[in-house]
Colleague: 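There's a structure below that I have some questions on.
In what follows, every heavy atom counts, from backbone to side chain, and hydrogens, waters and symmetry copies are set aside. Chain naming here is simple, since letters A, B, ... match the order of the sequence lines and numbering starts at 1 in each.
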There are 4 protein chains.
Amino acid sequence: MSGPGPAAPEAGDGRRGRPRSAAADTAIVEAVLRLIEEGASIGDLSMEGIARAAGVGKATVYRRWSGKNALLLDVIRSLDDDLPPARGVSVRDDLVAMLEHLRHRGLVKRHSAVFRTVLTHVQAQPDVWREYHDTVIRARREAMHAVLRRGIDRGEIRDDREIDVLADLFVGPMLARALLDERKALPEGLAEQIVDTVLEGVRPRP
Amino acid sequence: MSGPGPAAPEAGDGRRGRPRSAAADTAIVEAVLRLIEEGASIGDLSMEGIARAAGVGKATVYRRWSGKNALLLDVIRSLDDDLPPARGVSVRDDLVAMLEHLRHRGLVKRHSAVFRTVLTHVQAQPDVWREYHDTVIRARREAMHAVLRRGIDRGEIRDDREIDVLADLFVGPMLARALLDERKALPEGLAEQIVDTVLEGVRPRP
Amino acid sequence: MSGPGPAAPEAGDGRRGRPRSAAADTAIVEAVLRLIEEGASIGDLSMEGIARAAGVGKATVYRRWSGKNALLLDVIRSLDDDLPPARGVSVRDDLVAMLEHLRHRGLVKRHSAVFRTVLTHVQAQPDVWREYHDTVIRARREAMHAVLRRGIDRGEIRDDREIDVLADLFVGPMLARALLDERKALPEGLAEQIVDTVLEGVRPRP
Amino acid sequence: MSGPGPAAPEAGDGRRGRPRSAAADTAIVEAVLRLIEEGASIGDLSMEGIARAAGVGKATVYRRWSGKNALLLDVIRSLDDDLPPARGVSVRDDLVAMLEHLRHRGLVKRHSAVFRTVLTHVQAQPDVWREYHDTVIRARREAMHAVLRRGIDRGEIRDDREIDVLADLFVGPMLARALLDERKALPEGLAEQIVDTVLEGVRPRP
DNA sequence: TTATAACCGAGACGGTACGTCATGTCTTCTC
DNA sequence: GAGAAGACATGACGTACCGTCTCGGTTATAA
């Protein structure tokens, strides 16, 4: 995968003309992040304003991204590349690591603000949402599936449930907290709590 | 609480002049629903277009709602009044009923489209989102808490977990499916599957 | 003829809605005149700038005129309505009056600057130029023809030349001075000089 | 004066480096002429488009001319060098030859289109217009003055009028036709008709 | 022969203006 | 006084062109 970033300039031939300024790339993405962190709600994010904040001409933005959606999609993808959680010793540890990663994303201001803003914006555009879904979400889901399958193979996870449902049992609660609650609703130890409770069930243990 | 609907006209005194047309109220809300069902993405929803589709002047809309957010918030609330799930015989049945209600909302076109659209729109506006959170979400969450507390009292639910976490264990998975997956990801029997698996845990049963 | 002014609002029926602000009409046209008098060359005249100078939204301008050409065409027409020269006692007096009128237009700063600027702009757009030609120029030409025909009937003007050519013999010299020379090239007495010389011919009189 | 053509490259010293491509010079000027003949109105003439049509980089144009005005001014000057009318046997013949030259310029598509386009464009820029005036127009005017002075010396032209006025009496009518009328308004024999009528006057001859 | 320097086409750069559209407010007429 | 209509100032939309700049390359003269 090529990683996040602006669309390549048609990479046709011998690359003629003045090359695109990497500084402009950075300035634009940073401007978006800065604006969001400064509390810009989604409606406040205009291409006009982004270009202004980046000290860049509008055309320079449109040369790289086809519109606001494509830009925001890249911004959120840029935050996604950080740390794919490594493989731990037990399935329980892997699950905790994955949820802990999600939790941290929800806590770091830059991540949580950007995620909420961009998620809500992008979700409203079916095609852009599909693009996001097919890259970011799918990759994340497959990582989760791999962990679960390993657990099933090892006998640590029951094998009579669809793997999709199992995955959502772990991811869903963290998502609900992050989306529907305040940021303070993501306390230390939440990942472990979710993982352990889902593993053991909520019926009282004898 | 006054329930969903347009803001009262300042109900100051003897209510003089031509009374507000109830037909206009209906026409406006119906126009929003129709537009969304016809596939309007969120960006297509403009006050201009809503008034036009309702055959109503813009001022008539603004007289009732302070802006697009307030209008949409009322629209989503109007869909929420339908069927508060009744109390079943066991806690498990109550939980299934609540999730089944959520699942249906995700399946019915009007509900799912409106919910996604409006949620998306409203969430981006902090104050409006808070309003939505403090009425709709809180009420729903408290219903869930009541069910869970009953289960704890009866000994059907373990009592060593925070009730908020427990609630999200049930609601989260359904929300994740509804938000992140296709509509087809909400098959018959999903509510039971989630409830039973969370109750029993995902560890293999002996 | 309806006279200069912004396009009527489709004058369909009972004229509903808020009527257009006459103040805006005035402000826009005055802003154009002011900008030109302040030395704006043609390239400096932008709809953006005109609206700004008039303290008016762009849409308010576009609601009245379809574009810059239509607006400038109206501006120039507004300057044209001044004083259709009255009928004098002799043909020679009529001709002098007409040329004197042209000469004054070239001298008054507002007129000359606007005329040059707008004429220049309008002439470059074939369709707009045609419109200008078919209204302003044609009317002026026909007035001149009427004068000349009266002269021919009276025996004061030779009848062996096309009337178009005769007209241009009088108008052309003044136009050449106004267009090709400095403003100082339109001295007092020029109209008389042209008319008399053309009438008598440039051959030495015996 | 060195005649029309792009600005010399600062002619400093021993002229090092790759010399400018004469082909580019030609291509640019030809591109302008072609675009105008193809019906480009003045607004359609952009440096961007000119460079594109000439198959040349924008910098190559700007290296030769300081801007659009300077380029167009050179284009029109390039059309002006053609055929200075020769000296005939009588003053009347000289005048006819000069006006016939003007008439032809108005008839040939390339000339008339370019002239109108460039004149209108250049006239709006005071300094560029002055440049045009001081070279092209002045030269032409002085040729006319020379003819007229010869006529005065010979006794063929009256000597009680300013020579400027006399010149405009001949040039003005042709200019008026060319600028204000259709191209068809420049019929064969028009030059003779103007010259003879101005010479003899428009009063009926006894 | 090898620098050196100005040229070349291409195209990115920060700007400005285009003409359209939506915002929320206001103004007028009709019911 | 409510309602429909629509004008109002504001400001973002995405495109085009401005004049400058920067790239990889070419083509001359000067060392």
Side-chain angles (χ1 to χ4, degrees), chain A residues 9 13-21 23-24 43-52 54-64 66-68, chain B residues 9 15-21 23-24 43-52 54-63 66-68, chain C residues 9 13-21 23-24 43-52 54-64 66-68, chain D residues 9-10 14-21 23-24 43-52 54-63 66-68:
Chain A
D13 45 53
R15 202 68 97 275
R16 292 189 292 185
R18 175 174 175 177
R20 296 210 178 139
S21 155
D44 307 334
L45 277 183
S46 65
M47 291 299 261
E48 203 102 19
I50 290 167
R52 206 181 303 128
V56 139
K58 269 200 292 178
T60 300
V61 183
Y62 281 107
R63 213 172 277 126
R64 290 163 163 76
S66 65
K68 180 155 42 174
Chain B
R15 210 68 109 277
R16 292 187 299 181
R18 174 174 171 179
R20 289 200 183 155
S21 154
D44 307 333
L45 276 184
S46 64
M47 292 301 261
E48 202 96 21
I50 289 167
R52 207 181 304 131
V56 140
K58 270 200 292 179
T60 300
V61 183
Y62 280 106
R63 209 172 282 124
S66 66
K68 178 153 51 172
Chain C
D13 44 53
R15 205 70 100 276
R16 291 192 292 186
R18 175 174 174 178
R20 296 213 177 135
S21 156
D44 307 333
L45 275 184
S46 64
M47 292 300 260
E48 203 101 19
I50 290 167
R52 206 182 303 130
V56 139
K58 269 199 293 178
T60 299
V61 183
Y62 281 106
R63 210 172 281 125
R64 290 163 163 76
S66 65
K68 180 153 47 170
Chain D
E10 208 29 61
R15 207 67 106 281
R16 290 193 297 181
R18 174 175 175 178
R20 291 204 181 145
S21 156
D44 307 333
L45 276 184
S46 65
M47 292 300 261
E48 202 101 19
I50 289 167
R52 207 182 303 132
V56 139
K58 270 200 291 180
T60 300
V61 183
Y62 280 105
R63 212 173 279 125
S66 65
K68 179 153 48 172

Colleague: Does A/Thr60 put a side-chain nitrogen or oxygen below 4.0 Å from OP1 or OP2 of E/dA12?
Modeller: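 Checking E/dA12 against A/Thr60, no side-chain N or O comes under 4.0 Å of OP1 or OP2.
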Colleague: Distance check: side-chain N/O of D/Arg52 vs OP1/OP2 of F/dC17, anything under 4.0 Å?
Modeller: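 Indeed, a polar side-chain atom of D/Arg52 lies that close.
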Colleague: Can you figure out which of F/dC13, E/dC26, E/dC18 approaches the side chain of A/Lys68 most closely?
Modeller: F/dC13
Colleague: Whole angstroms only, please: what is the OH-P distance between A/Tyr62 and E/dC13?
Modeller: 15 Å
Colleague: Show the nearest heavy-atom pair for residues A/Gly49 and A/Ser46, with the distance to one decimal.
Modeller: N-OG, 2.9 Å
Colleague: Going by the rule salt bridge (charged side-chain N to carboxylate O under 4.0 Å, His left out), which residues pair with A/Lys68 if we only count those two or more places apart in sequence or in a different chain?
Modeller: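 If we apply the salt bridge (charged side-chain N to carboxylate O under 4.0 Å, His left out) test to A/Lys68, skipping adjacent residues, there are no hits.
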Colleague: Would you say A/Arg64 reaches E/dA12's phosphate, i.e. side-chain N/O to OP1/OP2 under 4.0 Å?
Modeller: no
Colleague: If you take atom types as modelled and just measure distance, does the side chain of A/Arg16 reach the base of E/dA10 with a donor-acceptor pair under 3.5 Å?
Modeller: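 Such a pair does not exist between side chain and base.
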Colleague: What's the CD-P distance between B/Glu48 and E/dT20, to the nearest Å?
Modeller: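 Answer to the nearest Å: 15 Å.
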Colleague: From F/dT26, F/dA4, F/dC8, pick the nucleotide closest to the side chain of C/Ser21?
Modeller: F/dC8
Colleague: Return no unless some side-chain N or O of C/Arg63 is found under 4.0 Å from OP1 or OP2 of F/dG6.
Modeller: no
Colleague: Please classify the nucleic acid contact of B/Gly49 as base, sugar-phosphate, or nothing, using heavy-atom distances under 4.0 Å.
Modeller: nothing
Colleague: Per the atom types in the model, does the base of E/dC13 pair as donor or acceptor with the side chain of A/Arg18 at under 3.5 Å?
Modeller: no
Colleague: Whole angstroms only, please: what is the CE-C1' distance between C/Met47 and E/dT16?
Modeller: 16 Å
Colleague: Taking donor-acceptor contacts at under 3.5 Å, does the side chain of D/Lys58 reach the base of F/dG19?
Modeller: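 Donor-acceptor pair under 3.5 Å: yes.
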Colleague: D/Ala51 near the nucleic acid: base, sugar-phosphate alone, or nothing, with a heavy-atom cut-off under 4.0 Å?
Modeller: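 Contact class for D/Ala51: none.
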Colleague: Reading DNA chain F from 5' onward, which residue's closest nucleotide shows up sooner: B/Ala54 or A/Ala59?
Modeller: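 Between the two, 5'-proximity favours B/Ala54.
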Colleague: Assess whether one donor atom and one acceptor atom, taken from the side chain of D/Arg20 and the base of E/dC7, lie less than 3.5 Å apart.
Modeller: no
Colleague: Hey, what are the protein-to-nucleotides 1-3 of chain E N/O distances that come in under 3.5 Å?
Modeller:
none

Colleague: Please find the pair of heavy atoms, one from C/Met47 and one from C/Gly67, that lie closest to each other, and give the distance.
Modeller: CE-C, 3.7 Å
Colleague: Just call it for C/Gly67: base, sugar-phosphate, or nothing, with non-hydrogen atoms closer than 4.0 Å on any strand.
Modeller: nothing
Colleague: List for me each residue that meets side-chain contact (heavy atoms from CB on, under 4.5 Å) alongside D/Ala24, sequence neighbours excluded, and say none if there are none.
Modeller: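 For D/Ala24, the residues satisfying side-chain contact (heavy atoms from CB on, under 4.5 Å) (neighbours in sequence not counted) are D/Ser21, D/Val56, D/Thr60, D/Arg64.
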